[in-house]
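Below you'll find the structure, written out as structure tokens, and then a few comments.
Being a predicted model, the structure only gives us computed values, none of them experimental. Just so we're on the same page: letters track the sequence lines, and every chain starts at 1.
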Amino acid sequence: MNDSFDLAESSPNTQSYGAKISASSYWSELNKDQRKAVETVDGPVLVLAGAGTGKTRVLTTRLAHILDSGLAHPGETLTVTFTNKAAREMKDRVERLVRRPMEGWYLGTFHSIAARVLRKHAELVGLKSNFTILDTDDQLRLLKQGLEAHDIDEKRWPARSLGAIINRWKDRGLAPDQVTDTEGSDFANGRTLELYHDYQERLRSLNAADFGDLLMHNLTLFSNDKGVLREYQDRFRFILVDEYQDTNVSQYLWLRLLAQGHRNICCVGDDDQSIYAWRGAEVGNILRFEKDFPGAQVIRLERNYRSTSHILGAASDLIAHNRDRLGKTLWTESNEGEKVTVHGLWDGEAEARVIGEHIETERSDGQALNDIAVLVRAGHQTRPFEERFIQIGLPYRVIGVMRFYERLEIRDAIAYLRVISQEDDDLAFERIINRPKRGIGVTSLQKLHVVSRANGCSLMAAARDLTDSDELRGATRTGLANLISHFDRWRNLSAVQALPSLIQTILDDSGYLEMWRKDRSIQAPGRLENLNELIGALDEFETLDSFLEHISLVMDNAETEDGDMVNVMTLHGAKGLEFDSVYLPGWEEGLFPHQRALDEGGLHALEEERRLAYVGLTRARQRATVSYAANRNLFGKWSSELPSRFVSELPEEHVTRTSEINTTADLTEPDLDYQNIHRPDIGRRRSNWGRYAIRQRNRTYETIAVENHAPGTFQIGKRIFHQKFGYGKITDIDGNKLEVSFEKAGLKKVMGSYVEPA
DNA sequence: TGAGCGTAGTTTTTT
DNA sequence: ACTACGCTCA
């Protein structure tokens, strides 16, 4: 972390400042709109950049232009992204363009820049400069402790829910004394605010900040000390923001404050790709930009360089179903390409099989697997694909699963380091106090907590006290005393020893490595391997603190595996990426759009789901293949599925549809030829369908006979019972689909075969 | 202290 | 189906 912005950054850089260097060499290839977005450096600019319109290119070129033409030193620019990956990419590209070391510039994620600012002025918000940044796991444990302290039943009021409420407040920049809404009023009998208050107190006493605090404390800081705010306002002559549609309110307020100095802020975003409202992002930030920055120029990038016109056409028509959007008309000069294909399939297994076959065909046509992706809605959907791909020997990688620094053994090792860096870090100390086993169980830990609360001291201090007293006996006392003396030694060692050998010593002395060596489980060898990797990774860091800052803010995915492999990931994970060929399985009502989104977020959530579908389609350069299954095994239960409404929203002119099944909607067609053949392996699946026809190669060869309700069982107004949603009244009937107004769950469409007369 | 068992909850994810 | 958690009992 370069923290020297008072020195190095403000020293005049005679090479660049004031020197007009022609930048035309690297932006001659930009189109008119892109060029305008790069050149308009005076005043606020909003760049609405559709999918595949060269957004990143514009952003990097703009920054390079500002630096190259001497409009600002690197240290006078602020560039924010959401992910470390995006920040790194931007850094690389700008450095390549500018060919000059960019020491001291402010380019990074919102969180890393906010942390950098906060460390400088921590005392103004009641923290010390070396505060710990807590991750979600720590936060959760802290919240649990809070609930316990308030005697609130954690079963009834889960810490996770409390965390979600508090995080939403923080997303909006609301400290406990600023909360006026009733957001949390139905949680814990209205004691949410009290819990939030205590949680913040606890964080302060631990000298810790959670992710939300980083931004929120910045806001507090800026409003408490106008001098500091002024300093940054003056400093940042140019501000650039990537993925602006993903900013939450507190990030927005933060930007707005900082931009008030020079008013040169350029935000790049696409309202159609806003898919993070569920974690506090406000698309509204885009919509209000012109209001907040009067005279702002709005530049639209609408020429798509990525996809064929069929893919672009399909995606554009789909997203046009959203009401809540600014509206863009993407166009392309690329060829028509293939139509988007839509497959209806029997079940998830068939879906995985068919996609596997398609990929093998593409592969034999010379298509690189690295440029193929399977994009799913939810993490668990990757499984059938993994199983199938393993079976047929198709190389694949799943992106975005467990991250390196989230692994149990890595977190343990880091906890040791955290205690060394900050003896007061109770959360870290608690984590490893009995790992490996030292005879310090729940009872002993409770004693420590009592002492620490009574004395207002840290757990470590309490531990010192307790080992001096007679409270603890036998193995427990020796175990704890040993641990304490180990820590004292390690702390001394940390001053003189390089990080890799320090951690090696710690893991040896503590018996932590020994613990895993003795462990006979399958995972143990992998864990030891990971620990070795950690030791290696530590080589890159000068100080313990710089390493800890890195891991708390730059918890990146482990590098993706080398080789030519199909990419399997969630739609969210695919944002910003592109592939030749994209498979989009699981387009079924309830799965995509996801039921939970529909239940909780209504129309807004539905539109967000649709944007997700849009993001999925627009990842494809050459081919996009959508599929849905008639039956799906979810959480151990089979259920019949309806094709997603998004499937029917795809325009015929850009789509080819094939189906191995008839969906329920088709069952009411009179001329279909049903046979009642019972196929045992399907019968076992307790499919509740009335009659179901599968047609393959124009031949109906399979139908499952399951008991059907007698005609007239269902009439509008009749009361029915549904396994999942309970009692309700039928409001509409459409073939085998019923629209039911449920007493608890509200208005829903359900399968007739799923309900019983009540 | 730890194994064994029952229960509940299973979208998306960064920092 | 699978996991994570909390509780009971040896």
Residue A:Tyr276, side-chain atoms from C-beta onward, closest of B:dT11, B:dT15, B:dT13: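 Closest nucleotide among those given: B:dT13.
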Residue A:His572, side-chain heavy atoms: nucleotide from B:dT15, B:dT11, B:dT13 that is nearest: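 Given the options B:dT15, B:dT11, B:dT13, the side chain of A:His572 is closest to B:dT13.
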A:His594 over B:dT11, stacked by centroid distance under 5.5 Å, angle under 30°: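 One would call A:His594 stacked on the B:dT11 base.
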Stacked pair A:Phe110-B:dT15, distance under 5.5 Å, angle under 30°: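 The base of B:dT15 is not stacked with A:Phe110 (the test needs centres under 5.5 Å and planes under 30°).
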Short heteroatom pairs, N/O only, protein and nucleotides 1-4 of chain C, under 3.5 Å:
{"residue": "C:dA1", "atom": "N6", "partner": "A:Phe635", "partner atom": "O", "Å": "3.4"}
{"residue": "C:dC2", "atom": "OP1", "partner": "A:Arg383", "partner atom": "NH2", "Å": "3.3"}

d([atom1], [X]; [atom2], [N]) in whole Å:
{"X": "A:Trp254", "N": "B:dT15", "atom1": "CH2", "atom2": "C1'", "value": "13 Å"}
{"X": "A:Asp242", "N": "B:dT15", "atom1": "CG", "atom2": "P", "value": "13 Å"}
{"X": "A:Arg279", "N": "B:dT12", "atom1": "CZ", "atom2": "P", "value": "13 Å"}
{"X": "A:Arg168", "N": "B:dT15", "atom1": "CZ", "atom2": "C1'", "value": "13 Å"}
{"X": "A:Arg377", "N": "B:dT12", "atom1": "CZ", "atom2": "P", "value": "7 Å"}
{"X": "A:Asp137", "N": "B:dT13", "atom1": "CG", "atom2": "P", "value": "17 Å"}

Between protein and nucleic acid, restricted to nucleotides 1-6 of chain B and to nitrogen or oxygen atoms under 3.5 Å apart, what atom pairs and distances do you find?
{"residue": "B:dT1", "atom": "OP1", "partner": "A:Gly439", "partner atom": "O", "Å": "3.1"}
{"residue": "B:dT1", "atom": "OP1", "partner": "A:Ile440", "partner atom": "N", "Å": "3.4"}
{"residue": "B:dT1", "atom": "OP1", "partner": "A:Gly441", "partner atom": "N", "Å": "2.8"}
{"residue": "B:dT1", "atom": "OP2", "partner": "A:Gly441", "partner atom": "N", "Å": "2.8"}
{"residue": "B:dT1", "atom": "OP2", "partner": "A:Val442", "partner atom": "N", "Å": "3.2"}

Touch class at under 4.0 angstrom, heavy-atom based, for A:Gln381 against every strand present: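 Nothing, no nucleic acid heavy atom in range.
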Sugar-phosphate, base or nothing in reach of A:Gly212, heavy atoms under 4.0 Å: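 The residue A:Gly212 makes no contact with any strand.
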With sequence neighbours excluded, residues passing side chain to side chain donor-acceptor pair (under 3.5 Å) with A:Tyr196: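 So A:Tyr196 forms no side chain to side chain donor-acceptor pair (under 3.5 Å) with any residue.
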Partner set under salt bridge (Lys or Arg N to Asp or Glu O under 4.0 Å) for A:Arg256, not counting sequence neighbours: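 Counting only residues at least two positions away or on another chain, A:Arg256 forms a salt bridge (Lys or Arg N to Asp or Glu O under 4.0 Å) with A:Asp292.
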Salt bridge (Lys or Arg N to Asp or Glu O under 4.0 Å) partners of A:Glu578, counting only residues at least two apart: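 Per chain and number, A:Glu578 pairs via salt bridge (Lys or Arg N to Asp or Glu O under 4.0 Å) with A:Arg306, A:Arg621.
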Close side-chain approach of A:Met90 to A:Thr81, heavy-atom, < 4.5 Å: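 Yes, their side chains come closer than 4.5 Å.
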Residues A:Asn322 and A:Asp272: side-chain donor-acceptor under 3.5 angstrom: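 There is no such pair (donor and acceptor under 3.5 Å, judged by atom type) between the side chains of A:Asn322 and A:Asp272.
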Close N/O contacts between protein and nucleotides 5-10 of chain C (under 3.5 Å):
none

A:Tyr276 six-ring face occupied by A:Arg279 cation (under 6.0 Å, within 45°):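 Output yes; distance and angle both within limits.
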N or O in side chain of A:Thr570 less than 4.0 angstrom from B:dT13 OP1/OP2: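 So the side chain of A:Thr570 is within the cut-off, an N or O lying under 4.0 Å from OP1 or OP2 of B:dT13.
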